[in-house]
Amino acid sequence: MCYIETAELDGETNLKVRQALKETAAERDRFEDFDGIVYCEPPNNRLYKFDGRLKLKGKVHPLNIDNLLLRGCRLRNTRKIHGLVVFAGPDTKLMQNSGKAPFKRTGIDRLMNILVIAIFVILFILCLICAVSSSILESRLGDEFEAFIPREFSSTNLI
């Protein structure tokens with residue numbers, strides 16, 4: 001039996017108990033006689049679930065998360081343990097779980113994005129309405145405004 005702290009995995013600082021199988025606890029220092037095979041699920045990122053079996057001396061014993069020490073755990077109040085590596089490298093649950101963090105946006109960010117898009121659409125529609133109205137007005141009443149804005153503008157009119 002050992003006590004572990006999983007603060008690096010899930011942020012919890014309370015100690016959790018992990019215990020070896022009763023069948024393997026009796027063989028503490030006799031590893032030369034240990035002849036077993038571990039069958040387990042493929043590597044995944046579920047920190048609180050493990051499903052496996054240990055075939056030892058012709059008998060099959062179930063393994064679960066209480067028999068597993070994950071990478072990133074710290075031993076506390078325990079002098080030493082003996083164990084078997086199940087997953088290593090990028091296959092560990094810690095590495096499987098360390099993906100890209102999702103981009104977090106606040107409610108005000110989302111609201112501001114919607115408001116900016118709405119203002120842009122409203123301004124575009126207003127500009128379109130003004131341009132169409134101006135061209136219609138110019139085509140119908142264009143001759144009456146020539147006194148104020150001559151159609152053919154020349155630089156000699158400025159002097």
**Message:** Less than 4.5 Å apart, side chain to side chain, heavy atoms only: is that true for Cys2 and Leu75?
**Reply:** yes
**Message:** If you apply the rule side chain to side chain contact (heavy atoms under 4.5 Å, CB included), what do you find for Leu63 with Arg53, and how did you get there?
**Reply:** CA-CA 5 Å; Leu63 298 172; Arg53 300 182 318 268; 5.9 Å; no
**Asked** Say you draw a straight line from CG of Asn64 to CG of Asp51; how long is it, rounded to the nearest 0.5 Å?
**Response** 8.5 Å
**Item:** Over 12 non-hydrogen atoms of neighbours within 6.0 angstrom of NZ in Lys55
**Value:** no
**Item:** Cys130 backbone acceptor or donor facing Ser134 side chain under 3.5 Å
**Value:** no
**Asked** For the side chain of Arg18 and the backbone of Ile65, is there at least one donor-acceptor N/O pair under 3.5 Å apart?
**Response** yes
**Request:** Would you indicate whether the side-chain heavy atoms of Leu54 and Val60 approach each other to under 4.5 Å?
**Result:** no
**Message:** Less than 4.0 angstrom from a charged side-chain N to a carboxylate O is my criterion; do Glu5 and Arg76 meet it?
**Reply:** yes
**Prompt:** Is there a donor-acceptor pair closer than 3.5 Å between any side-chain N or O of Asn67 and the backbone N or O of Gln19?
**Reply:** yes
**Prompt:** What distance separates Arg74 CZ from Ile4 CD1, expressed to the nearest 0.5 Å?
**Reply:** 12.5 Å
Show which side-chain atoms of residues 105-124 pair as donor or acceptor with protein atoms under 3.5 Å away, not counting sequence neighbours.
residue	atom	partner	partner atom	Å
Thr106	OG1	Asp109	N	3.3
Thr106	OG1	Asp109	OD2	3.4
Arg110	NH1	Arg105	O	3.0

**Item:** Minimum side-chain heavy-atom gap Val17-Tyr3 below 4.5 Å
**Value:** yes
